[in-house]
Each structure stands twice: as structure tokens, then as C-alpha cells.
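Note on naming: letters A, B, ... go to the chains in the order of the sequence lines (proteins, then strands), and numbering restarts at 1 for each one. No hydrogens, no waters, no symmetry mates; every other heavy atom, side chains included, goes into these values.
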Amino acid sequence: MSKAIPSRSEDYSHWYNELVKKAGLAENSSTRGCMVIKPYGFAIWEKMQQLLDQMFKETGHENAYFPLLIPKSFLSREADHVEGFAKECAVVTHYRLRTDEKGAGVVVDPEARLEEELIVRPTSETVIWDTYKSWIQSYRDLPLLINQWGNVMRWEMRTRLFLRTSEFLWQEGHTAHATKEEAQNETRQMLDVYAKFVEHYMAVPVVKGVKTASERFAGAVDTFCIEAMMQDGKALQAGTSHFLGQNFAKAFDVKFVTKEGKEEFVWGTSWGVSTRLMGALIMAHSDDDGLVLPPKLAPIQVVIVPIYFKGEGLEKVMEVVKPILKSLKEEGISVKFDTRDTHKPGWKFAEYELKGVPVRLAIGPKDLKKGTVEVARRDTKEKYFQPIDSIVEHVAGLLEDIQDNIYSKAAAFKEEHTKGATSWEQFKELVEQGFVYAHWDGTPETEDKIKEETKATIRCIPLNQTKEEGRCIFSGKPSQGRVLFAKAY
RNA sequence: CGGGGUAUGGCGCAGUCCGGUUAGCGUACCUGCUUUGGGAGCAGGGGGUCGUAGGUUCGAAUCCUACUACCCCGACCA
């Protein structure tokens with residue numbers, strides 16, 4: 001039982017940290033606040049990337065790459081933007097090291113100071129809009145639909161694997177449009193892409209909404225987001241899509257000539273999801289035995305564990321397994337046949353449960369006699385025997401079942417932990433347990449006070465908000481509809 | 001960045017208060033035999049500059065100083 005992890009009820013955050021490490025997803029590195037993403041964790045991220053990339057391309061976007069380092073002066077071009085990010089920027093000041101004369105190893109060469117310091121990008125709006133200035137002259141150059149896969153750095157005070165690390169991997173889309181409407185549509189389209197990805201592939205239900213002014217992206221006119229619920233009832237912002245208006249176009253002087261010959265500023269959007277999605281995936285589904293991965297994102301969808309005795313045992317199992325392997329692969333199912341004789345079956349069972357492999361097949365002497373396979377599903381922990389000649393179709397169907405079941409389970413959990421509050425007392429109690437819909441008077445002052453007293457923030461003003469007369473849960477002032485409150489990661 | 005805690009074979013810990021043989025335990029690892037349908041058993045074996053750098057002392061894992069990293073609570077954070 002060396003790899004057992006703490007239980008969720010005992011200590012949720014300890015459970016999360018241990019799970020990430022024990023399942024081989026990531027670990028802390030020797031570099032402060034930065035993680036090492038291990039092969040199994042990276043394999044999941046690669047699947048996410050691949051699916052998202054495909055969705056971006058289907059909606060007309062192209063990939064490009066912009067520099068990691070940004071001239072310091074760029075950051076101050078957009079006033080709100082610099083205020084939002086200045087406090088967490090890593091700065092490059094020198095370009096050379098030299099051996100210390102006193103023998104203290106290498107030291108920064110004081111003579112190699114940069115004339116203008118460079119910022120390690122916390123996000124790339126500035127350097128990209130600076131580039132767009134030279135790419136855009138006419139309405140014929142628009143829309144410009146670019147995505148970048150890369151890494152960014154934000155000097156966070158407190159880091160947690162995947163959820164908040166100083167360096168993280170992400171994609172950032174940056175688009176430029178001729179009209180406001182088109183840019184707004186793009187913003188909403190990408191929000192929908194994110195929502196679809198998270199719900200359909202990650203099997204995590206989300207709430208789509210728009211951020212309040214105080215939670216808005218630094219430099220945006222509007223910030224849209226998807227919010228997911230974790231198993232401790234807290235919210236995790238899973239993706240954002242920003243309508244930038246003409247803010248960056250004005251800051252970087254990006255103008256175009258319209259069909260009518262008029263010169264105008266372009267309209268912009270930016271949108272991103274990060275390795276934080278890994279955190280959402282882990283916390284939304286996993287249990288005290290380890291990861292639970294949705295089949296659509298599992299690097300290994302099916303594992304086959306042979307059970308045999310020394311000698312010819314494995315040979316016999318192999319004969320039966322080989323055609324199954326072939327058929328499963330033909331169905332596009334990723335399957336691993338674990339023939340290692342260095343670990344016992346029981347050990348392997350526990351190991352693949354820890355790693356969240358959706359379906360496990362075990363084949364041993366009993367099965368050879370009866371013509372069956374033992375099927376074990378990770379999500380429900382059910383085990384049963386299935387005739388061997390129908391196993392391939394069965395597994396294909398089972399993977400879909402599991403994907404659906406994981407989603408349903410998460411959706412049911414979210415429903416159970418989503419309540420409406422009508423009094424302040426009730427609000428304070430409910431917000432400890434999950435999402436709360438409540439009236440808000442629309443002022444940042446009230447928002448702040450609620451945060452101060454309860455630690456809960458307005459996650460978003462939901463897009464499907466229905467008009468409803470009411471009174472603010474805190475101030476009692478009139479309100480037109482309910483907003484979503486929760487404690488957040 | 002403020003408060004609290006931790007740092008000892010790969011991992012988890014004891015030893016530190018009150019300095020003194022060869023730094024110990026569980027697990028993991030290696031070898032052999034027996035095992036193999038839920039994290040195997042027995043026997044033997046290897047692995048440590050006790051986070052880093054200084055200091056006190058005849059002698060430091062243990063006392064003192066500084067630093068670093070990680071964890072928890074805050075603050076901060078899209």
C-alpha cells in the first residue's frame with residue numbers, strides 16, 4: 001500500500017497534491033514555483049492540446065509564435081494592462097554571466113546590463129499587438145485569427161501544481177476584426193468552443209458567464225468565462241475569452257482602411273486556457289483510489305492484465321489477447337497489454353486505478369476455460385465477466401458509457417451543490433457548500449464586502465440569467481437578476 | 001509579502017528538547033527460492049557529506065546565525 005493517497009474527506013488539498021504526484025502527473029521542480037510535468041501528465045495535456053487545436057482550426061484560426069521576452073516599455077502602453085500584471089513580472093536585466101574572481105561560482109556580469117529590460121511574458125497581448133500594427137493596413141487584412149501555444153510566467157506568491165504555477169503552458173488566441181460586432185461574436189464563439197471542449201471531452205459541466213468589472217482581464221472591455229465546480233464545492237475558472245474593444249489597437253496604433261477609405265482602429269479579442277485545465281480534470285472526477293479519467297482524454301483507455309503461472313501460462317493468454325489488441329486498435333482505442341512479470345496482478349490493478357485508466361481487462365486461466373474476460377470499469381469500480389467473442393464491441397460501448405457517466409455524475413454533483421439564496425444568513429451558509437445564485441446590487445463595493453465577509457466572489461453573471469426583480473443579498477438594494485457566487489481556486 | 005510549520009537513503013517517518021560509539025524504522029531497490037484472480041512470503045544485500053552556507057565545541061542531525069525550498073492560514077492572483 002505504499003502508493004495510497006489521503007482521502008478527500010480527510011484533507012482535500014493534501015489529497016489533490018498527493019494524487020498529482022503519485023499518479024505521475026507532475027511534481028515540484030528545483031526552480032521556485034515551477035513544476036515538472038511528467039510523461040503521463042504531459043500525455044493528457046497533449047491530448048487536450050490536440051483536440052483544442054483542431055477546434056481552433058475548424059473555426060478558422062492559424063497558429064503562430066511570438067517571443068518569450070517583451071520589451072519593458074510595451075507593458076505600460078495600455079494603462080489597465082500594466083496595472084494588472086506589473087506586480088507579477090519576472091524581469092531580465094542582464095545578458096551575461098562570468099566566473100566569480102572570489103571563487104563563488106558564476107555571477108551576473110555587471111557590465112552586461114541591458115539597455116532596456118525585458119519582461120518574461122505574463123501574456124502576449126502587447127508584443128502581438130505591436131506586431132499586428134505592421135500586419136494590418138486594410139480591411140482586406142481582416143479578420144486576423146491567430147493562436148499561439150506557449151508558456152508564460154507570472155510570479156505568484158503561492159503556487160500549487162497545475163492550479164497556479166509561476167510558469168504554465170497555455171494557448172492564447174489573439175484576433176483582430178473590422179467591426180465591434182464581429183469581435184464580440186468571436187469572443188462568444190471561443191467561449192462556446194471552450195465550454196464544448198470542457199463538457200464534451202473533459203466531462204466537466206460549466207457555467208458560462210461574464211465577469212464583473214473587478215474580475216475583468218486587465219485591458220479588456222468584457223471578460224467571459226466558464227466556471228467549473230470541483231468536488232469540494234469550490235469554483236475553478238476553466239477558461240476566459242476577452243472582448244478587448246479597441247483598447248490594444250489604440251495603445252499600439254493598429255489602424256486599417258475601410259472599404260469606404262476611412263481610417264479606423266481595429267477591434268480585438270483574446271482567449272486562453274492553460275494547464276490549469278489539468279487541475280480541473282483531476283479535481284472534478286477523481287476519488288480516494290486515484291485518478292478517474294474520461295475516456296476521451298485518457299492516454300491509455302484500456303489496459304489488459306494477464307494472469308498466469310510460470311511456464312506456458314503467459315503464452316496461452318497471449319494467444320487470446322493478441323486478436324483483441326488488434327481489433328481494439330482498429331477501433332481507434334488506445335490499449336496497453338501489461339506483460340511485465342516484475343509486478344503481480346494485484347499490484348497492477350491498484351496502479352492502473354491510481355492512474356485512472358477507464359477500463360481494465362484481466363484474462364487468466366479461469367477465463368481461458370470459460371471463454372470470458374474480466375472487465376473492470378474505473379468510474380464505478382464494477383467488475384464482471386464478459387464473453388470473449390463480444391469483448392471488442394463491448395469495450396467500445398463501455399468507453400462511451402463511462403464518458404457519459406462521468407459527466408452525469410459531475411453534473412449531478414454540481415446541481416446538488418448549486419442553490420439559490422434569499423437571505424444573508426442563508427447565503428453565508430450555502431456559499432460554504434457550493435455555488436449560490438443570489439441578487440447583487442451591481443456595485444463593486446458590495447462585491448468587495450461580500451468577499452471580505454465570506455471569501456466568496458462573484459464568479460460570473462451567467463449568460464442564461466433570467467430577468468427577475470429582487471433585492472441584493474447584502475445591501476437590500478434593487479436588482480434585476482441573480483449572479484453566481486462561490487469560493488474559488 | 002505577514003503568521004505558523006517542515007527539511008534526515010527514492011518515498012514516508014523516528015532521533016533534535018538535554019551535543020558523545022557504527023544515525024535507526026517502514027516501504028521501495030538488488031540477488032535467490034517459493035509465488036501470481038486485489039498492492040506476495042522468506043533469506044541475504046546495497047544505498048546517507050542529516051536542505052545550503054557559516055559559527056560555537058575536543059566532538060554537531062542535535063546548539064547559534066543567515067539563506068533556500070516546500071506545506072498550512074492570510075494577503076495577492078484572470
Side-chain angles (χ1 to χ4, degrees), chain A residues 1-6 11-14 16-18 21-22 27-35 80-81 83-89 104-105 122-123 125 152 154-161 163-166 168 170 172 210-220 222-227 235-242 270-274 276 289-290 305-311 313-314 317 339-354 360-370 372-376 381 383 385 451-452 455 457 459-460 488-489:
Chain A
M1 296 296 277
S2 66
K3 281 197 163 179
I5 53 175
D11 186 342
Y12 193 82
S13 77
H14 192 204
Y16 174 81
N17 289 336
E18 287 301 303
K21 284 184 254 187
K22 296 264 170 72
E27 61 193 30
N28 286 306
S29 70
S30 305
T31 310
R32 171 206 184 96
C34 298
M35 65 181 162
D80 292 333
H81 194 67
E83 197 175 323
F85 286 105
K87 284 171 287 183
E88 50 189 46
C89 283
T123 180
E125 272 78 6
V152 287
R154 296 177 191 179
W155 210 261
E156 301 288 354
M157 294 297 169
R158 229 175 117 184
T159 59
R160 289 191 72 188
L161 293 170
L163 298 175
R164 181 170 289 111
T165 46
S166 292
F168 55 91
W170 76 343
E172 46 182 326
V210 62
K211 289 288 186 191
T212 61
S214 60
E215 298 270 333
R216 195 178 289 151
F217 174 76
D222 265 321
T223 288
F224 294 84
C225 63
I226 50 174
E227 297 284 329
L236 188 133
Q237 178 176 296
T240 49
S241 184
H242 315 291
S270 68
W271 27 274
V273 295
S274 70
R276 198 175 208 213
D289 294 318
V305 177
I307 292 148
Y308 59 94
F309 296 88
K310 218 174 206 155
L314 180 58
V317 173
T339 56
R340 288 179 297 175
D341 61 358
T342 50
H343 295 283
K344 289 181 55 175
W347 190 93
K348 292 177 185 175
F349 293 170
E351 179 72 6
Y352 290 112
E353 273 162 20
L354 181 62
R360 182 183 78 232
L361 305 179
I363 301 178
K366 286 183 212 166
D367 301 290
L368 293 180
K369 257 184 226 159
K370 294 189 291 177
T372 57
V373 178
E374 187 194 58
V375 181
K381 306 295 283 295
K383 283 200 299 192
F385 289 94
K451 183 179 178 183
E452 235 171 76
K455 310 279 179 234
T457 50
R459 299 320 305 154
C460 67
Y489 276 97

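For A:L368 and B:G37, the CG to C1' distance is 12 Å, given to the nearest whole Å. The distance between atom OH of A:Y308 and atom P of B:G37, rounded to the nearest whole Å, is 11 Å. A:I5 has its CD1 atom 15 Å from the C1' atom of B:C11, to the nearest Å. Between A:R276 atom CZ and B:C77 atom C1' the separation is 9 Å, expressed in whole Å. For the pair A:R459 CZ and B:C77 P, the interatomic distance rounds to 13 Å; values are reported in whole Å. Distance A:E156 CD to B:C76 P: 13 Å, rounded to the nearest Å. Separating the CD1 atom of A:I307 from the P atom of B:G39 is a distance of 12 Å, rounded to the nearest angstrom. Distance CD (A:E452) to P (B:C76): 9 Å, rounded to an integer number of Å.
Taking atom C1' on both nucleotides, B:G10 is separated from B:G3 by 33 Å, rounded to a whole Å. With C1' as the reference atom, B:A61 and B:A7 are 11 Å apart, rounded to whole Å. Here the separation of B:G55 from B:G12, taken at their P atoms, is 31 Å to the nearest Å. Here the separation of B:A60 from B:C70, taken at their C1' atoms, is 25 Å to the nearest Å. For B:G15 and B:G44, the P atoms lie 28 Å apart once the distance is rounded to whole Å. Remark: the separation of the C1' atoms in B:C33 and B:G20 is 44 Å, to the nearest Å. Taking atom C1' on both nucleotides, B:G5 is separated from B:U49 by 26 Å, rounded to a whole Å. With C1' as the reference atom, B:U8 and B:U16 are 11 Å apart, rounded to whole Å.
Residue-level contact check: A:P122 touches the bases, meaning some heavy atom is under 4.0 Å from a base atom. Residue-level contact check: A:F85 touches the bases, meaning some heavy atom is under 4.0 Å from a base atom. Residue A:W271 is out of contact with every strand shown, counting any heavy-atom pair closer than 4.0 Å.
When the salt bridge (charged side-chain N to carboxylate O under 4.0 Å, His left out) test is applied to A:E27, the partners found at least two apart in sequence or on another chain are A:K38. Residues passing the side chain to side chain contact (heavy atoms under 4.5 Å, CB included) test with A:A362 are A:I307, A:F349, A:E374, sequence neighbours excluded. Under the rule for a salt bridge (charged side-chain N to carboxylate O under 4.0 Å, His left out), A:E83 has no partner lying at least two apart in sequence or in another chain. With sequence neighbours excluded, the residues forming a side chain to side chain contact (heavy atoms under 4.5 Å, CB included) with A:D222 are A:V210, A:R216, A:F224, A:F243, listed by chain and number. Annotation: ring pair (Phe, Tyr, Trp, His ring centres under 6.0 Å) contacts of A:H343 (sequence neighbours excluded): A:W347. Judged as a side chain to side chain contact (heavy atoms under 4.5 Å, CB included), and not counting sequence neighbours, the contacts of A:T457 are A:E215, A:K451, A:R459, A:A488. In this structure, the salt bridge (charged side-chain N to carboxylate O under 4.0 Å, His left out) partners of A:E353, at least two apart in sequence or on a different chain, are A:R360. In terms of the salt bridge (charged side-chain N to carboxylate O under 4.0 Å, His left out) criterion, residue partners of A:D289 (sequence neighbours excluded) are, by chain and number, A:K381. A search for side chain to side chain contact (heavy atoms under 4.5 Å, CB included) contacts involving A:T240 returns A:T223, A:C225, A:Q237, A:H242, not counting sequence neighbours.
Annotation: the span from A:Y308 atom OH to A:T339 atom OG1 amounts to 7.0 Å, rounded to 0.5 Å.
Two residues, A:P365 and A:G272, neighbour RNA chain B, and the one matched to the more 5' nucleotide by heavy-atom proximity is A:P365. Two residues, A:F349 and A:E18, neighbour RNA chain B, and the one matched to the more 5' nucleotide by heavy-atom proximity is A:E18.
Not one N or O on the side chain of A:K22 forms a donor-acceptor pair closer than 3.5 Å with the backbone of A:G290. No donor-acceptor pair closer than 3.5 Å links the side chain of A:R164 to the backbone N or O of A:T159. With A:N17 contributing its side chain and A:H14 its backbone, the two residues share no donor-acceptor pair below 3.5 Å.
Residues A:L361 and A:V305 form no side-chain contact, since every pair of their non-hydrogen atoms from C-beta on lies 4.5 Å or further apart.
Annotated stems with RNA chain B as a participant read B:1-7 with B:68-74, B:10-13 with B:24-27, B:29-34 with B:40-45, B:51-55 with B:63-67, given as range with range, by first number; only runs of 3 or more Watson-Crick or G-U pairs under 3.5 Å qualify.
Remark: the A:K383 side chain and the B:G37 base include no donor-acceptor N/O pair separated by less than 3.5 Å.
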- Message: Treating primed atoms plus P, OP1 and OP2 as sugar-phosphate and everything else as base, which nucleotides of nucleotides 3-9 of chain B get B, S or - for protein heavy atoms under 4.0 Å?
- Response: -------
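Relative to the side chain of A:R360, the nucleotides B:G38, B:C77, B:G37 differ in distance, and B:G38 lies closest. The listed nucleotides are B:C77, B:G38, B:G37; the one nearest the side chain of A:E353 is B:G38.
In this model, the phosphate group of B:C1 is not approached by any side-chain N or O of A:K87 to a distance below 4.0 Å at OP1 or OP2.
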So which protein nitrogen or oxygen atoms get under 3.5 Å of nucleotides 68-74 of chain B's nitrogens or oxygens?
residue	atom	partner	partner atom	Å
B:A69	OP1	A:R32	NH1	2.9
B:A69	OP2	A:R32	NH1	3.4
B:C70	OP1	A:G33	N	2.9
B:C72	OP1	A:S13	OG	3.3
B:C73	OP2	A:R158	NH2	2.5

